[in-house]
Amino acid sequence: MTDAQQRPLLVAGNWKMHGSRVMVAELLQDILAGLPEKPAFQVAVFPPFVYVPQVAETVADSPIRFGAQTLSEHDAGAYTGEISGAMLVDFNADMVLVGHSERRSLYGESDQQVADKFAAALRHGLKPVLCVGETLAEREAGQTNEVVARQINAVLDKVGIEAFGKGVIAYEPVWAIGTGKTASADQAQAVHAFIRSLLAAKSDTIARLLPILYGGSVKGGNAYDLFSMPDIDGGLIGGASLTGKDFLAICDQAQKVATGA
Ligand code: 13P
C-alpha cells in the first residue's frame, strides 16, 4: 500500500453561517440519497452550532460524520456565547474545525489561541481539523511556506507531534476561499508536500499518515485533479457544500480517485 492509500480521502462540507432547519433536512437527505452505497472515501459536515443536534440525529447510523466550525479553548465557565468541546461530544460530534481563516481574520484568533483550541479538541476526544493558509499578499511576497509553518509550529509547540496523529490539516489559501479562484493542483500539491515535510522532520510516521485536505473553491470540475495529487487527501468545501448536487459532484470525483475508476 502506498502512503496515499493509507490515508482515506475525506470530503468535508463547511456550511459556515448558512442554513435553516428545512435546508439542513433537505441537504442531508439529498446527500444520503446520492452517496455511493459503499463510499470509498469519508464524508463529514460542519454545520452551525444550533444545527448540530439535528445533524446528529439525521446522520446517526450513516457514513456521514460531523462536527462544529470552532470550539472554546476553555472546558467550562463564565464564557458567554461560547461552546465547549464537551458540549459537542454530548451531541456525538467527533470532529471540529480550528483556526479557519475567517475565525483568524474576522474574530482575531491568534496562532496561540488556535493552538489552545486544538489542544481543547483533543482533550475532549474530538478530531481537530487545523486550517492554515496564506493571504494573496503573503503569497505574492513569497511567504507562503513561512506563514503556513508559523501557523503549524504554534500548534506543534503547544501539543507536540504525537497529537497530530489524531488530527487533520486543511490547507486553505485565503485568496482561494469563496473567490472561485482555486489553487492549481500543482500549487496546492507543493504546499501540501511542504506541510508534510515540516511534520516529517519531527516524525516520519505521523507525517505519512496525516490527512491534509485542500480548501478553496473546490468544485465538481476541479476535485478530481486536486484529489489525485499524492499529498492531497480530500477537500474542505465551502460554497459547493450547500447544495446536494454540488457536494455530490465532488463526492463522485472522490469515489473515482479512491477506486481508481
Ligand atoms: P469555498 O469552497 O466557498 O471557497 O470555501 C472554502 C472554505 O473556506 C472551507 O472551509
Side-chain angles (χ1 to χ4, degrees), residues 9-19 23-24 27 31 41-49 51-52 55 64-71 88 93 95-109 114 117-118 121 126-136 138-139 144 147-148 151-152 155 167-185 187-188 191-192 195 211-227 229 232-254:
L9 287 176
L10 170 62
V11 178
N14 172 10
W15 295 352
K16 307 192 179 182
M17 198 174 74
H18 295 287
M23 184 267 209
V24 168
L27 178 55
I31 297 173
F41 59 95
Q42 296 178 344
V43 191
V45 294
F46 294 90
F49 284 131
Y51 298 116
V52 164
V55 171
I64 302 180
R65 302 169 68 184
F66 66 94
Q69 299 169 12
T70 184
L71 83 168
L88 297 175
M95 310 173 87
V96 65
L97 304 182
V98 296
H100 190 279
S101 72
E102 288 146 22
R103 301 296 316 169
R104 293 177 191 260
S105 67
L106 302 173
Y107 303 101
E109 288 187 9
V114 171
K117 287 178 181 233
F118 191 100
L126 292 161
K127 185 181 277 299
V129 180
L130 171 66
C131 304
V132 299
E134 82 288 3
T135 62
L136 185 60
E138 288 163 341
R139 170 161 285 260
T144 298
V147 168
V148 165
Q151 292 169 333
I152 293 174
V155 180
V168 172
I169 290 182
Y171 169 59
E172 300 205 300
V174 177
W175 50 272
I177 296 178
T179 57
K181 243 203 243 174
T182 322
S184 69
Q187 272 176 326
V191 182
H192 282 231
I195 292 172
I212 307 179
L213 311 181
Y214 168 78
S217 299
V218 178
K219 306 271 184 284
N222 55 29
Y224 186 89
D225 286 349
L226 287 162
F227 299 171
M229 286 293 173
I232 301 184
D233 306 312
L236 183 55
I237 328 291
S241 71
L242 295 174
T243 67
K245 184 170 150 285
D246 291 342
F247 191 66
L248 288 168
I250 296 167
C251 291
D252 283 348
Q253 300 307 313

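Numbering of ligands and ligand atoms starts at 1, following listing order.
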Please assess Arg139 against Val191 for the test side chain to side chain contact (heavy atoms under 4.5 Å, CB included), listing each intermediate value before the final yes or no.
CA-CA 11 Å; Arg139 170 161 285 260; Val191 182; 3.8 Å; yes
Got a second to check how far Asp233's CG is from Phe227's CZ, nearest 0.5 Å?
10.0 Å
Atom CG in Leu236, atom CD1 in Ile177: separation rounded to 0.5 Å?
8.5 Å
Any protein N or O within less than 3.5 Å of an N or O in ligand 1? List each pair with its distance, or say none.
from	atom 1	to	atom 2	distance (Å)
ligand 1	2 (O)	Ser217	N	3.4
ligand 1	2 (O)	Gly238	N	2.9
ligand 1	3 (O)	Gly239	N	2.8
ligand 1	4 (O)	Gly178	N	2.6
ligand 1	4 (O)	Ser217	N	2.7
ligand 1	5 (O)	Lys16	NZ	3.4
ligand 1	8 (O)	Lys16	NZ	2.8
ligand 1	8 (O)	His100	NE2	2.8
ligand 1	10 (O)	Asn14	ND2	3.0
ligand 1	10 (O)	His100	NE2	2.9
ligand 1	10 (O)	Glu172	OE1	3.1
ligand 1	10 (O)	Glu172	OE2	2.9

Taking atom CG of Leu88 and atom OG1 of Thr70, what is their separation to the nearest 0.5 Å?
9.0 Å
Could you check Gln69 against His100 for side chain to side chain donor-acceptor pair (under 3.5 Å), going step by step and ending with a plain yes or no?
CA-CA 8 Å; Gln69 299 169 12; His100 190 279; over 6 Å; no
Please list, chain by chain and in numerical order, all residues satisfying ring-ring contact (aromatic ring centres under 6.0 Å, His included) with Tyr171, sequence neighbours excluded.
His192
